[in-house]
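Comments concern the structure below.
If you read the sequence from its start, that first residue is 1, and numbering goes on from there. Read the numbers this way: they start at 1 and go in the same order the structure lists the ligands and their atoms.
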Amino acid sequence: MISDLNSICSVNSRRMKRSAIRECLKLTQRPDIISFAGGLPAPATFPYEDLAEIACEVIRTDGPAALQYSTTEGDTGLREELIKRYKSQNIDVSMDNIIITTASQQSLDLLGRIFIDPGDKVICGLPSYLGGIAAFKTYGAELVGIKFDDKGMRSDILEKTLEEMKEKGEKPKFIYIIPDFQNPAGVTMPEERRKEIVTIAQKYDVLIVEDSPYRELRFEGKTPKTIFEIDGTGQVIMLGTFSKIFVPGFRVGWIVAHPDIIDKFVVAKQSSDLCTSSFVQKITALYMKKGLFEKNLTKIADLYKRKKDVMMDAFEKYMPEGVTWTNPEGGLFLFLYLPEHMDSEKLFMKAVENKVAFVVGTVFHCDGSGKNTMRLNFSYVSEEELIEGVKRLSNVIRAEM
Ligand code: PMP
């Protein structure tokens, strides 16, 4: 082994930090701990039998192509299925608007590769998805956080921030938004707020990145239009993924954007992984073509709605006065707010001692705020564990109060 590995690492690699979530997940993987910390889909939603059959069918009927390299843009059949799905939602996209990616985390990394030079500004929510923050920071981005209310990113603060930046001769590379059942807060941005943000982005000529892994997992309420659709001018890059609505292990996602932007992604992806696995793209396409995807999606949403309702009931029953929470209309996560003076970081080890775990809210805030918040996942643990976990957590919070 060489004498000093770190001294030869690149500046980019030295900027990379171990994910705080992965680190605390290690702590929480003890079987006696009820963990609300991860973001794993429930394995019961994975369509094992159907996939066993479809995998065989793909190998038998499409063997050489399924085992060959795919194009960087992605499998035509899969892109056609996505276009059909968007059409059914009245969103008009064509082949040259879509690239398949190795799930959304790659899309976030490619965004960094394409757009970010060290010192560039990227606007994100307070809070925002940790994996997005980490991807952009790797390329040297300086994140500018915009406060949230119960409708998501506040448009008045966004406009003020962009105006101040303009006065200083600065312009952010893009605005990063997770509009549907946001990770981590579980908040959905209503259509009105989306329109305000699009108007502001157009006024200041800034791209929007709409990252929406949970959009299809709606339990209740009306689905707002995508930001992509509201804009309609090509100023929005929309990221999708099969991770939470099908299976995460396939690592398949996609990007919808203006063809000129897709072109940039194709070039950036070529030197990243050449292409996403042909085999899993073809299995996914056939699974959709057979109409199984929609059925399974309904099953997933039903299961997660039940779990979320169980968690809500347990909160009502056990949480001490002064603790509040978001009530998401879909997705996998919600945010818990402790009284202002409390710090969820201080609570974390005590919670683990009491065999329950969560993710501290500060890791989702690029400015270090959010001390009194925590993210809880409700998709993974059983309904019994949801109740028992909330009991344990509420006891820890009460004791600390
Ligand atoms: N964006 C958001 C908002 C997420 O929550 C996640 C995963 N939790 C991702 C992107 C990445 O997902 P994947 O790479 O599995 O598609």
Side-chain angles (χ1 to χ4, degrees), residues 19-22 24-25 35-43 45-46 74 78 82 98-113 122-138 143 145 148 152-153 174-189 208-217 226-228 236-256 265 269 272-273 276-277 280-281 284 300 304 326 328 330-335 358-359 361 363-366 375-380:
S19 152
I21 294 191
R22 299 239 166 278
C24 74
L25 281 183
S35 178
F36 300 137
L40 302 183
T45 65
F46 302 155
L78 180 57
L82 287 168
I98 299 191
I99 178 174
I100 303 294
T101 59
T102 304
S104 274
Q105 199 59 42
Q106 181 183 46
S107 309
L108 294 167
D109 181 62
L110 296 179
L111 274 166
R113 279 180 164 230
V122 167
I123 290 189
C124 67
L126 288 171
S128 200
Y129 170 54
L130 183 62
I133 296 176
F136 308 147
K137 273 193 172 167
T138 296
L143 290 155
F148 257 46
M153 184 183 280
F174 52 83
I175 305 165
Y176 177 57
I177 300 179
I178 305 139
D180 305 289
F181 327 121
Q182 200 232 21
N183 178 5
V187 170
T188 296
M189 187 182 279
I208 296 176
V209 173
E210 176 177 25
D211 181 10
S212 200
Y214 311 101
R215 180 172 171 83
E216 313 285 338
L217 287 178
T226 61
I227 302 177
F228 176 85
V236 178
I237 301 172
M238 183 163 65
L239 314 186
T241 173
F242 285 106
S243 288
K244 303 302 186 339
I245 53 176
F246 180 39
V247 286
F250 274 14
R251 310 307 298 135
V252 183
W254 66 95
I255 300 171
V256 179
F265 278 103
K269 184 174 161 69
S272 172
D273 66 353
T276 295
S277 156
V280 294
Q281 289 188 71
T284 308
I300 305 175
Y304 292 176
T326 54
L332 275 67
F333 303 106
L334 57 84
F335 236 28
F358 56 83
V359 183
V363 301
F364 305 105
H365 293 74
C366 63
R375 187 192 76 176
L376 303 179
N377 163 271
F378 51 81
S379 60
Y380 188 68

Give me the residue, atom name and distance of the protein heavy atom closest to [atom].
atom: atom 11 (C) of ligand 1; result: Tyr129 OH, 3.6 Å
atom: atom 12 (O) of ligand 1; result: Ser104 CB, 4.1 Å
atom: atom 16 (O) of ligand 1; result: Thr241 OG1, 2.6 Å
atom: atom 13 (P) of ligand 1; result: Ser243 OG, 3.5 Å
atom: atom 5 (O) of ligand 1; result: Tyr214 OH, 2.4 Å
atom: atom 3 (C) of ligand 1; result: Asp211 OD2, 3.3 Å

What atoms of ligand 1 come within less than 4.0 Å of a heavy atom belonging to [X]?
X: Arg251; value: 13 (P), 14 (O), 15 (O)
X: Asn183; value: 4 (C), 5 (O), 8 (N)
X: Ala103; value: 13 (P), 14 (O), 16 (O)
X: Lys244; value: 7 (C), 8 (N)
X: Pro213; value: 1 (N), 2 (C), 3 (C), 4 (C)

Any side-chain heavy atom of [X] within less than 4.5 Å of one from [Y]?
X: Ile245; Y: Leu217; value: yes
X: Phe242; Y: Val247; value: no
X: Asn183; Y: Arg375; value: yes
X: Phe265; Y: Leu111; value: yes
X: Tyr380; Y: Pro43; value: yes

**Report entry** Trp254 and Leu78: CA distance, side-chain angles, deciding distance, side chain to side chain contact (heavy atoms under 4.5 Å, CB included) verdict
**Finding:** CA-CA 10 Å; Trp254 66 95; Leu78 180 57; over 6 Å; no
Report task. Quick one: list whatever passes side chain to side chain contact (heavy atoms under 4.5 Å, CB included) with Ser277, sequence neighbours left out. Result ->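 With sequence neighbours excluded, Ser277 shows a side chain to side chain contact (heavy atoms under 4.5 Å, CB included) to Phe279, Val280, given in chain and number order.
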Donor-acceptor contacts under 3.5 Å from residues 126-135 side chains, at least two apart:
{"unit_1": "Tyr129", "atom_1": "OH", "unit_2": "Gln105", "atom_2": "OE1", "d": "2.7"}

